[in-house]
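A quick write-up on the structure given underneath.
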Amino acid sequence: MSTAVVHYTAAALTDRGRKRPSNEDAFGYSVEDGVFVVCDGMGGAAAGEIASSLAVDEMLRLLAARSAGPQVTQAPLLQIAEEAIGIANEAIFTRAQRNYRLNGMGTTMVVLVAEESRLWVLNIGDSRCYRLRDHQLEQLTLDHSLVEEQVRLGRMTRAEALRSPLRNVITRALGTQKKITPDIFPLDVVPGDRYLLCSDGLTRELTDAQIEALLVGEGPLEEQCDRLVTAANRAGGNDNITCILVQAEI
Ligand code: CA
């Protein structure tokens, strides 16, 4: 057995796209704290921006506090991540309750937390996490959206889902109710794995095959992020586009 320690490098990019007047996506990450997060806000421009940036800030703050604390008193990373999501949810919910202009604001969240070769992905809403391993792209998360749930139940085809007027309806969002439960995906990391966290502004414009083709090419992670955003804009850029790439290495 190799005892080499897995470490991570990352790059990210967000873009308003070509049609929207503002950018309601937010992202943040800390390689040191092992946290990477993408949020896609909703509820009107100002509200959406507040919800998504509040969620990102809370996650980074709470995960950084973990790294700063003494090792012996630390709760497991997954537990801390789940608690952080609960706190972020309440922060958005409370703020929306206090200000009628922010009523109904919310955000998706996809977050990856990593500790050496253990990694967890947690998600709420339709922002996604993919893994590229052996040149093959695999979607790890399941969208909490009305049409995706219909597809999973066999009541709608994928082609119908893409055209449906209800395709924007998400069934779980951070900040819209008092309690929230994320999906949790525990994963074993293999050196060489690359993880993509992204908002739907990327995945609505590009197929999984197109994303895979763009990621299989070599080059720095920053360039790869740029390739993804450029391709999504060329395909229409109908929404805000955000991606984080996380590379596992030894
Ligand atoms: Ca979006």
Side-chain angles (χ1 to χ4, degrees), residues 14-27 37-56 85-86 88-97 99-111 121-130 139-185 196-208 211 232 235-243:
T14 190
D15 189 271
R16 191 164 52 86
R18 297 167 60 189
K19 307 282 170 67
R20 296 286 173 95
S22 60
N23 190 346
E24 295 175 55
D25 286 359
F27 75 89
V37 55
V38 167
C39 290
D40 176 352
M42 64 205 69
E49 281 177 40
I50 289 168
S52 61
S53 56
L54 197 57
V56 168
I85 288 174
N89 180 65
E90 268 188 59
I92 299 165
F93 185 76
T94 306
R95 185 125 174 224
Q97 297 284 306
N99 184 340
Y100 75 93
R101 277 193 223 98
L102 303 178
N103 268 186
M105 75 171 171
T107 182
T108 71
M109 177 183 284
V110 59
V111 56
V121 173
L122 301 92
N123 83 298
I124 291 155
D126 63 357
S127 298
R128 292 180 182 172
C129 181
Y130 290 87
Q139 185 180 333
L140 300 173
T141 50
L142 301 172
D143 294 352
H144 302 136
S145 74
L146 197 65
V147 293
E148 277 298 321
E149 287 171 2
Q150 294 296 306
V151 169
R152 287 204 284 280
L153 290 167
R155 292 181 186 151
M156 195 182 259
T157 65
R158 194 149 295 281
E160 285 168 344
L162 285 170
R163 289 193 306 268
S164 168
L166 299 174
R167 64 185 184 275
N168 288 326
V169 179
I170 66 169
T171 49
R172 253 191 263 183
L174 213 64
T176 56
Q177 50 198 302
K178 215 159 170 35
K179 292 263 174 254
I180 194 83
T181 310
D183 284 349
I184 301 169
F185 302 88
L196 165 67
L197 308 179
C198 59
S199 63
D200 67 338
L202 185 77
T203 53
R204 292 271 180 87
E205 304 292 2
L206 303 176
T207 64
D208 288 5
I211 294 172
N238 288 292
D239 195 359
N240 310 141
I241 308 154
T242 301
C243 58

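Numbers for residues simply follow the sequence, beginning at 1. Just so we're clear, the structure is a prediction, and the values are computed from it rather than from any experiment. The analysis underlying the following values was restricted to heavy atoms, covering all of them including side chains, and did not include hydrogens, waters or symmetry mates.
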Applying the side-chain hydrogen bond (donor to acceptor under 3.5 Å, both in side chains) criterion to Ser127, which one of Thr242, Thr203, Thr108 satisfies it? Thr108
Check whether any side-chain heavy atom of [X] lies under 4.5 Å from a side-chain heavy atom of [Y], and answer yes or no.
| X | Y | result |
| --- | --- | --- |
| Asp126 | Arg204 | yes |
| Ile85 | Ile180 | yes |
| Leu196 | Cys243 | yes |
| Asp208 | Arg128 | yes |
| His144 | Thr171 | yes |

Under 4.0 Å between a side-chain nitrogen and a carboxylate oxygen: does that hold for Arg95 and Glu90? no
Salt bridge present between Asp239 and Arg20 (N-O < 4.0 angstrom): yes
Got more than 12 heavy atoms from elsewhere within 6.0 Å of CZ, Arg101? no
Which heavy atom of [X] sits nearest a heavy atom of [Y], and at what distance?
| X | Y | result |
| --- | --- | --- |
| Ala232 | Leu202 | CB-CD1, 4.0 Å |
| Gly125 | Ile170 | CA-CD1, 4.3 Å |
| Ala161 | Met156 | CA-SD, 3.7 Å |
| Ser22 | Glu49 | CB-OE2, 3.4 Å |
| Ala51 | Thr107 | O-CG2, 3.7 Å |
| Lys19 | Gly236 | NZ-O, 3.7 Å |

As an exercise, state the distance from [atom1] of [X] to [atom2] of [Y], rounded to the nearest 0.5 Å.
| X | Y | atom1 | atom2 | value |
| --- | --- | --- | --- | --- |
| Ile124 | Thr141 | CD1 | OG1 | 12.0 Å |
| Ile241 | Glu205 | CD1 | CD | 6.5 Å |
| Asp40 | Leu174 | CG | CG | 12.0 Å |
| Arg152 | Ser145 | CZ | OG | 7.0 Å |
| Glu24 | Met105 | CD | CE | 11.5 Å |
| Phe93 | Leu54 | CZ | CG | 14.0 Å |

Would you say Thr14 and Asp25 are linked by a side-chain donor-acceptor pair, where the criterion is simply a distance under 3.5 Å? no
Does [Y] offer a backbone N or O that forms a donor-acceptor pair with the side chain of [X] under 3.5 Å?
| X | Y | value |
| --- | --- | --- |
| Asn240 | Arg16 | yes |
| Ser52 | Cys39 | no |
| Arg158 | Val151 | no |

Suppose we screen for side chain to side chain donor-acceptor pair (under 3.5 Å). Which residues come up paired with Asn89, at least two apart in sequence or across chains? none
Non-neighbouring partners of Thr176 that pass side chain to side chain contact (heavy atoms under 4.5 Å, CB included), sequence neighbours left out: Ala173
Listed partners of Arg167 passing salt bridge (Lys or Arg N to Asp or Glu O under 4.0 Å), at least two apart: none
Go through Ser199 and Phe27 one step at a time and tell me if the side chain to side chain contact (heavy atoms under 4.5 Å, CB included) criterion holds. CA-CA 10 Å; Ser199 63; Phe27 75 89; over 6 Å; no
Which of Val111, Val110, Leu140 passes side chain to side chain contact (heavy atoms under 4.5 Å, CB included) with Asn123? Answer is Val110
